[in-house]
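These numbers come from the heavy atoms of this one structure, side chains and all, not from hydrogens, waters or symmetry mates. Reminder, nothing fancy here: chain letters follow the sequence lines and each chain counts from 1.
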Amino acid sequence: MADKPIKGEKRFFVTGNEVVAWAALAAGVDIMYGYPITPQNEVMHYWTRLAPKYGRKFLQTEDEISAGFTTCGGVFSGARAFTATAGPGNTLMQEPMSMAEMMRIPAVFVITQRGGPSTATVIYSQQEVTLTCFGGNGEGMRVVYSPGSHQELYDYTIKAFNTAWKYRFPTFVLGDGYQAKMRESLIMYDPEERGIQMEPTEMIVGKEGTPGVDREPAHLRNTYNTEEELNVVVNELVDAFWKAAPEIVEHQEFNCEDADIVIVAHGVVTRAAQAAVKELRAQGKKVGHFRPITLRPYPIEAMKTAIAKAKEIILVESAEGQLDKIVKAELYGSQIPITPYFRPGMGITAEEIIEFINKKG
Amino acid sequence: MALAPNMPKAWRAETKPHKFCPGCGHGLILKALGECIDELGIQDRIVFGCDIGCSLLSWDFFNADAIQTHHGRTTPVLTGVKRARPDRICIAYMGDGGGYAIGSQHLVNAASRNEKVTVLLANNCNYGMTGGQMAPTTLPGMKTETSPYGRDVEATGNPTQGPEMVSAITPEGAYVARGTTANLRQLKKMIKKALETQLNGTGFSFVEALSACPTNWRTNAKDTWNFVEKEMTQYFKVGELKVPGEKEGK
Ligand SMILES: Cc1ncc(C[n+]2csc(CCOP(=O)(O)OP(=O)(O)O)c2C)c(N)n1
Ligand code: SF4
Ligand SMILES: [Mg+2]
């Protein structure tokens, strides 16, 4: 059996789904649980081809409810475990995701957004932002990364396992159908050789010794009897989340220092926004771009600094205002006007952004 | 606190007396399970999952690692544990609503995949915890909160035959039985065989136990036992349906 999936650094030209499978292997993932749905399928296809060579496991479940709950089970037993889904599968998986929030289960969920609502398209969208950040009957105590390139898909898939196990919150890699299916070049590496220490996992149940004799039994709750009892637990959750948030938040900014207009966009749309900024700057326009990498928790402090001198935000997303809602809530009290450029379920090019901004004058 | 001498060792004294209603069948099933854990000496290897339903009240019942899951989702959580850690003995404990209604897809698929876990299901002909609604196992004509005029099988179907269904879809090597809290010795034997099946790794193991819910049945002690022994057994035949190494149809 081969030991390390990736030795040293290697250049690849592959699809995003293949990137995720390799990243999970490199991160030392023990087991994947999953149910077929486009555009996520090839994560499982590559995983099932690669995993046995490295002694890793896979279980195809009966649906996404089960995929989510079996993933939680795997994590309880101390495994580095993940699943991947999209669209209606993401909807079904909210139930186990909310259990993961409540019980601080460090499970990793890879989401490849497709068109919605309902079955819609299997192609692309950014319409699962609200669901992924705030789905389930909970408070959104989740970490959500929104990568914008295959390199980032690799980097943040690895990072997701470390964030999950370090802070004990369910962690999401929010990709999309374009990233899932398109080929792009990137460098894969062994995390350790890059100085990235994989956060150790821990058996949450099944530790050594006889419970009640050698150790206390692990009696894991998610049900409470009184309002007061629950309130204490939720407050602890919320406190832990916001305490960790400053260490978790990530963003990128481009030419924001003197920008009159700041384009806010996430995921693959950042690519169009970055290209648009270059072109508009060449035309002499003072345009910048702010890109949240974590959608949850949101890098609001960095964003406030980035837009400090701006006169306007242009919010660009392939959804009818899902990032927009987050931004507006986070910016509460600010007077800066926010102009929407929403294209639910459709890709957005740099040219379209440039034209939109130029037409506005 | 010391356990009374006739209580299983695996029971957790601090959480006794238990929280079930007087006369409830859950406590009896868990007593049988506790004795099996003792006899097999597997207390340090158990991962016990409890469904939402009155089975939830068993979450701190044993000195064993236990996970409260969601209504119907105990089978996949324990399947996930077992797949990642095959050396653990995984027991999913649930009610008939949890196993046969909301979680039926998990039961059916765990059974057909022959997952090496043990599912223990309390059949009390109703949704106990939520106040006595009709369950898949409610008997024809039986009154519940959502079948106040009696279960109409034309409109709502016949009682689910769980072990018969599981037996039909599991391969050789699985263990499937229906026991009753009215015969604890036999029920204990069944649970023990189910756990042995998991220990031997030959297949899925499933035991349904006929169990009383006097609170929602609104029965006194005599009528409660009468219902378990006479009424329920008309639809739910007690016995083993599948035993590893034995011919079927026994
Ligand atoms: C998704 C979901 N739906 C509904 C409920 C409400 N609920 C809690 S317990 C229960 C019924 C339990 O009945 P059963 O599984 O037969 O167990 P019993 O209480 O009879 O032992 C229901 C419907 C829930 N907790 N979760
Ligand atoms: S409601 Fe019924 S099943 Fe629940 S504890 Fe009481 S008697 Fe037992
Ligand atoms: Mg019931």
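Distance check: A/Phe76 CZ to B/Ile67 CD1 gives 4.5 Å after rounding to the nearest 0.5 Å. A distance of 5.5 Å separates CD in B/Glu115 from CG in A/Leu59, rounded to the nearest 0.5 Å.
Applying the salt bridge (Lys or Arg N to Asp or Glu O under 4.0 Å) definition to pairs two or more places apart or across chains, those involving residues 46-61 of chain B are B/Lys19-B/Asp60. Within the structure, side-chain hydrogen bond (donor to acceptor under 3.5 Å, both in side chains) contacts touching residues 69-87 of chain A (residues at least two apart or in different chains) do not occur.
Using a 4.5 Å heavy-atom cutoff, the side chains of A/Met99 and B/Val77 are in contact. Using a 4.5 Å cut-off on side-chain heavy atoms (C-beta onward), A/Glu62 and B/Val108 make no contact. Contact check for B/His70 versus A/Cys72: no side-chain heavy atoms found under the 4.5 Å cut-off. A heavy-atom distance below 4.5 Å is not found between the side chains of A/Thr61 and B/His106. Residues A/Arg215 and B/Asp65 form a side-chain contact, since some pair of their non-hydrogen atoms from C-beta on lies under 4.5 Å apart.
Of all the listed residues (B/Thr74, B/Thr79, B/Thr69, B/Thr75), the one sharing the greatest number of non-hydrogen pairs under 4.5 Å with chain A is B/Thr69. Ranked by non-hydrogen atom pairs under 4.5 Å with chain B, the options A/Ala67, A/Gly206, A/Gly68 are led by A/Gly206. Ranked by heavy-atom pairs under 4.5 Å with chain A, the list B/Asn109, B/Asn63, B/Asp44 is led by B/Asn63. Between chain B and the residues A/Gly78, A/Ala79, A/Pro96, A/Ser66, the largest count of heavy-atom pairs under 4.5 Å involves A/Ser66. The residue among A/Met103, A/Met203, A/Met102 with the most heavy atom pairs within less than 4.5 Å of chain B is A/Met203.
Neither the backbone nor the side chain of A/Asp214 comes within contact range of chain B, judged by heavy atoms closer than 4.5 Å. When heavy atoms are compared at a cutoff of 4.5 Å, B/Phe62 approaches chain A solely by way of its backbone atoms N, CA, C and O. For chain A, no part of B/Arg45 is nearby; none of its heavy atoms comes within less than 4.5 Å. For B/Leu78, no part sits under 4.5 Å from any heavy atom of chain A, backbone or side chain. For a residue to count as touching a neighbouring chain, one of its non-hydrogen atoms must lie under 4.5 Å from one of that chain's; by this rule B/Ile46 does not touch chain A. Looking at B/Arg83, both its backbone and its side chain come within 4.5 Å of chain A, counting heavy atoms on both sides.
In terms of heavy-atom proximity, A/Pro211 sits nearest to B/Gln43 at O-NE2, 3.2 Å. Nearest heavy atom pair, residue B/Arg113 against residue A/Gln60, reads NH1-O, 3.8 Å. The minimum heavy-atom distance linking A/Asp63 with B/Gln105 is given by the pair OD2-NE2, 3.2 Å.
Residues forming a ring pair (Phe, Tyr, Trp, His ring centres under 6.0 Å) with A/Phe241 (at least two apart in sequence, or on another chain): A/Phe169.
Of all residues in residues 30-45 of chain A, those placing a non-hydrogen atom less than 4.5 angstrom from a non-hydrogen atom of chain B are A/Ile31, A/Tyr33.
Counting heavy atoms of neighbouring residues, nucleotides and ligands inside a 6.0 Å radius, atom CD of B/Glu164 exceeds 12 of them.
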